[in-house]
S.K.: 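To start, I am sharing the structure in question, which I have written as structure tokens.
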There are 2 protein chains.
Amino acid sequence: MRLTTKGRYAVTAMLDLALHADRGPISLADISKRQGISLSYLEQLFSRLRQSGLVSSVRGPGGGYRLARTGDDIYVAQIVDAVNESVDATSCGGNSDCAGGEQCLTHYLWCDLSEQIHGFLSGISLAHLVARAEVQEVARRQDMREAAPEEKVAVIGSLQ
Amino acid sequence: MRLTTKGRYAVTAMLDLALHADRGPISLADISKRQGISLSYLEQLFSRLRQSGLVSSVRGPGGGYRLARTGDDIYVAQIVDAVNESVDATSCGGNSDCAGGEQCLTHYLWCDLSEQIHGFLSGISLAHLVARAEVQEVARRQDMREAAPEEKVAVIGSLQ
DNA sequence: GAATAACCAACTATCTCAGTCAAGTATATA
DNA sequence: TATATACTTGACTGAGATAGTTGGTTATTC
């Protein structure tokens with residue numbers, strides 16, 4: 001089972017897209033600035049997200065990425081699946097050949113857990129996240145900081 | 001969040017202990033043979049399991065490890081916690097300083113997920129696993145294979 | 001005192017993540 | 001058409017963790 005910064009970054013970036021959907025295509029440079037994720041790393045992630053049909057791209061000046069579907073039709077599990085290989089908790093990938101061609105003792109336990117996690121993440125759409133008050137709060141703060149570059153410097157300075 | 005072979009090995013080994021609790025202390029060499037886990041690696045894992053008070057050890061010939069409590073008082077979550085640092089899915093460890101001193105957009109999502117996983121694994125005890133028909137089936141096969149034909153008589157004799 | 005098995009501490013090999021760098025290619029606008 | 005913008009691709013790197021190895025030392029039993 002794999003659930004690391006990679007999947008977190010992907011979900012965060014997708015949520016950023018959903019929050020700014022009304023602005024037209026969003027460049028990765030914008031997301032990079034707002035969310036503090038390396039631009040080149042975002043490029044790698046979005047390559048996979050595009051291959052999975054979760055986003056579509058617009059090239060040229062003013063271009064960027066947008067969600068391929070509406071936010072209520074994109075689920076967190078799909079995003080994590082797109083950048084990681086899977087959210088499978090078993091070592092055998094469900095093939096039951098964990099221990100020398102046979103099932104290991106705890107095979108069914110990890111199968112159940114995988115189902116549990118996948119079920120949870122499959123029930124949460126981007127629209128759900130966008131609707132959450134805490135998310136809107138954080139997003140407002142980020143947009144604020146983006147709009148006023150001088151204040152951003154001041155904020156960073158005050159953190160040190 | 002971290003859930004890898006390390007945690008799987010630990011749970012498998014603990015379940016092996018629970019299954020053979022009636023034989024007295026179980027040596028790591030036995031577990032290594034039955035479950036196909038490196039002996040030296042098991043030593044590392046059991047060092048942590050012992051520090052966490054999940055198992056007790058008996059040194060010398062005929063020695064080994066046994067569960068420190070009964071199987072219905074040891075939960076999978078405790079085992080995973082003992083060998084990994086945590087089953088926390090957030091990057092900040094709940095400190096809300098994920099994105100430059102502030103909460104990242106998806107902070108609450110990962111908090112919820114952590115709670116979900118921990119809740120699931122906290123509800124499953126070793127006794128639950130031992131009771132499962134599939135587990136007993138696999139365990140029976142492993143015990144059969146463990147004893148070479150000549151040794152089977154001795155094993156059966158030692159059980160009486 | 002020999003055999004057994006827990007305990008301990010380095011050490012290594014491999015893998016993945018996270019990020020960088022340096023090329024490209026496509027396209028809208030001037 | 002020229003050019004700036006922005007996406008695309010692939011190779012590369014460092015850090016850190018996993019998984020496993022080696023070589024011991026203690027403690028206990030026969």
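Lettering follows sequence order; numbering is per chain, from 1.
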S.K.: Please state how far atom CG in B/Leu28 lies from atom C1' in D/dG20, giving the value in whole angstrom units.
M.R.: 15 Å
S.K.: Tabulated below should be each protein N or O lying under 3.5 Å from an N or O of nucleotides 22-26 of chain D; please produce it.
M.R.:
residue: D/dT26; atom: O2; partner: B/Arg59; partner atom: NH2; Å: 2.8

S.K.: Mind calculating the distance between CG (B/Asp30) and P (C/dT4) to the nearest angstrom?
M.R.: 13 Å
S.K.: Take atom CZ of A/Arg50 and atom C1' of D/dT9, then tell me their distance rounded to the nearest Å.
M.R.: 11 Å
S.K.: Which heavy atom of A/Val58 sits nearest a heavy atom of A/Pro25, and at what distance?
M.R.: CG2-CG, 3.9 Å
S.K.: Select base, sugar-phosphate, or nothing to describe what B/Leu39 touches, counting heavy atoms under 4.0 Å on all strands.
M.R.: nothing
S.K.: With a cut-off of less than 4.0 Å, is there a side-chain N or O of B/Ser38 near OP1 or OP2 of D/dT21?
M.R.: yes
S.K.: How long is the line joining CZ of A/Arg8 and P of C/dG19, in whole Å?
M.R.: 11 Å
S.K.: What are the two closest non-hydrogen atoms of A/Arg66 and A/Gly24, and how far apart are they?
M.R.: NH2-CA, 4.0 Å
S.K.: Which is more 5' along DNA chain C, the nucleotide nearest A/Tyr41 or the one nearest A/Pro61? Just name the residue.
M.R.: A/Tyr41
S.K.: Going by side-chain contact (heavy atoms from CB on, under 4.5 Å), A/Leu126 matches just one of A/Val76, A/Ile79, A/Asp72. Which one?
M.R.: A/Ile79
S.K.: Nearest-Å distance, CG (B/Leu45) to C1' (C/dC7)?
M.R.: 14 Å
S.K.: Mind checking A/Phe46 for me? I need base, sugar-phosphate or nothing, with any heavy atom below 4.0 Å counting as a touch.
M.R.: nothing
S.K.: Kindly point out which of C/dA3, C/dC7, C/dA10 is positioned nearest to the side chain of B/Gln44?
M.R.: C/dA10
S.K.: For the pair made of CZ in B/Arg23 and P in C/dA5, what is the distance, rounded to whole Å?
M.R.: 14 Å
S.K.: Give a yes/no on whether any side-chain N or O of B/Tyr9 is located under 4.0 angstrom from OP1 or OP2 of D/dG20.
M.R.: yes
S.K.: State whether a side-chain donor-acceptor pair under 3.5 Å links A/Gln78 with A/Arg69.
M.R.: yes
S.K.: Mind calculating the distance between CG (B/Leu42) and C1' (D/dA19) to the nearest angstrom?
M.R.: 12 Å
S.K.: Report the nucleotide, chosen from C/dA28, C/dA5, D/dC7, that has the shortest atom-to-atom distance to any side-chain atom of B/Ser27.
M.R.: C/dA5
S.K.: Indicate, with yes or no, if A/Tyr75 and A/Met14 share a hydrophobic cluster defined by side-chain heavy-atom contacts under 4.5 Å among Ile, Leu, Val, Met, Phe, Trp and Tyr.
M.R.: no
S.K.: Write down the distance between CD1 (B/Ile37) and C1' (D/dT18), rounded to a whole number of angstrom.
M.R.: 14 Å
S.K.: For the residue pair A/His118 / A/Ser114, report whether a side-chain donor-acceptor contact shorter than 3.5 Å exists.
M.R.: no
S.K.: Of all the nucleotides listed (D/dC7, C/dC17, D/dA19), which has the minimum atom distance to the side chain of A/Tyr65?
M.R.: D/dC7
S.K.: Describe, in one word, how the ring planes of B/Tyr65 and B/Phe46 are oriented to each other, choosing from parallel (under 30°), tilted (30 to 60°) and perpendicular (over 60°).
M.R.: tilted
S.K.: Starting from the 5' end of DNA chain D, give me the residue, A/Gly63 or A/Gln51, whose nearest nucleotide shows up first.
M.R.: A/Gly63
